[in-house]
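First the structure, in the form of structure tokens, and then the observations on it.
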Amino acid sequence: MTDALLDAHLVADRGTFHLDVPLRIAAGEVVALLGPNGAGKTTALRALAGLHPLTDGHVTLAGADLDRPRRRVRTPTERRPVGVVFQDYLLFPHLSARDNVAFGLRRHGLDRRAARRTALDWLDRVGLAEHAHRRPRQLSGGQAQRVALARALAVTPSLLLLDEPLAALDARTRLDTRAELHRHLAAHPGATLLVTHDPLDALVLADRLVIVEDGRVVQEGDAATVTARPRTDYVARLVGLNLHRGKADGHVVRVADDLALTVAERLDGDAFVAFRPAAVALHPDRPAGSPRNTWPARVSGVQRHGDNLRVQLDGPIVVAADVTPAAAAQLRLAPGQPVWAAVKAAETHAYPASG
Ligand SMILES: Nc1ncnc2c1ncn2[C@@H]1O[C@H](COP(=O)(O)OP(=O)(O)OP(=O)(O)O)[C@@H](O)[C@H]1O
């Protein structure tokens, strides 16, 4: 991407934690920053907002350096063309919805009347014109979220930052608000960074995913690429796949000392093998007639998963298998129980681990 509106290299420290994340976002692009707990997502967002100092690297937005520690450049939060929607919205409880939105505009230099007019216009755009006089405690979670979004967007920020914007909502409100948020983000001409735990939010709302683990980017790309070729356990779990790394030789990938899986693709060298939990069949005894891709395993856990049960297996490789409740009853699945696992070559997807 050559025409990045945001060009950042976020290098920051928090205690012993070290963040080192390059990030480029084009105008109109929505990027989701995903990662497990403690990966550094919030630190990255706070650094972009000017709420956490960089120790090195830079933040350049629309060609202007906001941060560049080596040149002692640092722009205070309120002088950045950045809008933030925090997880708990941080609305002022004593101000009406209109005045919450107007507050940000006033800080950006608008006079009181113009700020109120623009605030009403934005509340109208998020469908809240008739609630403009209400205080935050008189609004539902979804409505408060929309006020926070209106407040962030009203200042026409070059960069919009959203920190888990749907996390505080119940499932039903989340569904509606996600669809509406999608509409507003699609219309936002600036760059958008969305921090989230929720793969669905990321897949629905973002054009591109950047996945961080332990302060580093481990994978990035559009949803189709990332879900088709996960490169870490976290990403594989996120997209609901089993993932194993091994050495490929033709159609065989050795994933453990005592297990080689036959795969559909022909490969050589370091490779990943991915397969869906539903592709793993469980048998009480060694399955006859199908010698490929079967291995002895032991049940380490069983949980509900939609209409099925998700069974965690230990053995030469750690695997999740989805089985129907009827199959689980027949197998009398219980923790510690030995079973045989099987997966067909045609149900696996192998790809090079390098590049
Ligand atoms: N106040 C603090 N003092 C010292 N270290 C901290 C502090 N807050 C966070 N950290 C460290 O910084 C790391 C990154 O935290 P951060 O909140 O950015 O992660 P995150 O990806 O947003 O996590 P989560 O998904 O749990 O919100 C954590 O691993 C934690 O060890």
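Start at 1 and go down the list; that is how both ligands and their atoms are numbered. Hydrogens, waters and symmetry mates are skipped; everything else that's a heavy atom, side chains included, is used. Being a predicted model, the structure only gives us computed values, none of them experimental.
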Protein heavy atoms near atom 12 (O) of ligand 1, is at least one of them under 4.0 angstrom away?
yes

Discussion item. Does the protein come close to atom 3 (N) of ligand 1 - that is, does one of its heavy atoms sit below 4.0 Å from that atom?
Written reply: no

Are [X] and [Y] close enough for a salt bridge, meaning some N to O gap below 4.0 Å?
X: D222; Y: R208; answer: no
X: D176; Y: R146; answer: no
X: D111; Y: R106; answer: no
X: D121; Y: R125; answer: yes

With heavy atoms and a 4.0 Å threshold, my read on which part of A44 contacts ligand 1 is neither

Of all the atoms in ligand 1, which lie at a distance below 4.0 Å from a heavy atom belonging to [X]?
X: H197; value: 25 (O)
X: P36; value: 21 (O)
X: A39; value: 19 (O), 20 (P), 21 (O)
X: T43; value: 14 (C), 15 (O), 16 (P), 18 (O)

Exercise. Go through the steps to decide whether R231 and V218 satisfy the test side-chain contact (heavy atoms from CB on, under 4.5 Å), and finish with yes or no.
Key: CA-CA 8 Å; R231 305 190 70 79; V218 293; over 6 Å; no

Q.
Taking distance alone, with N or O pairs closer than 3.5 Å, would you say G40 contacts ligand 1?
A. yes

Margin query: Polar contacts were defined as any N/O atom of the residue lying under 3.5 Å from an N/O atom of the ligand; does this apply to G38 and ligand 1?
Written below: yes

Contacts satisfying side-chain hydrogen bond (donor to acceptor under 3.5 Å, both in side chains) that involve residues 328-345 (not counting sequence neighbours) are none

Across all chains, not counting sequence neighbours, the ring-ring contact (aromatic ring centres under 6.0 Å, His included) partners of Y351 are F272, H349

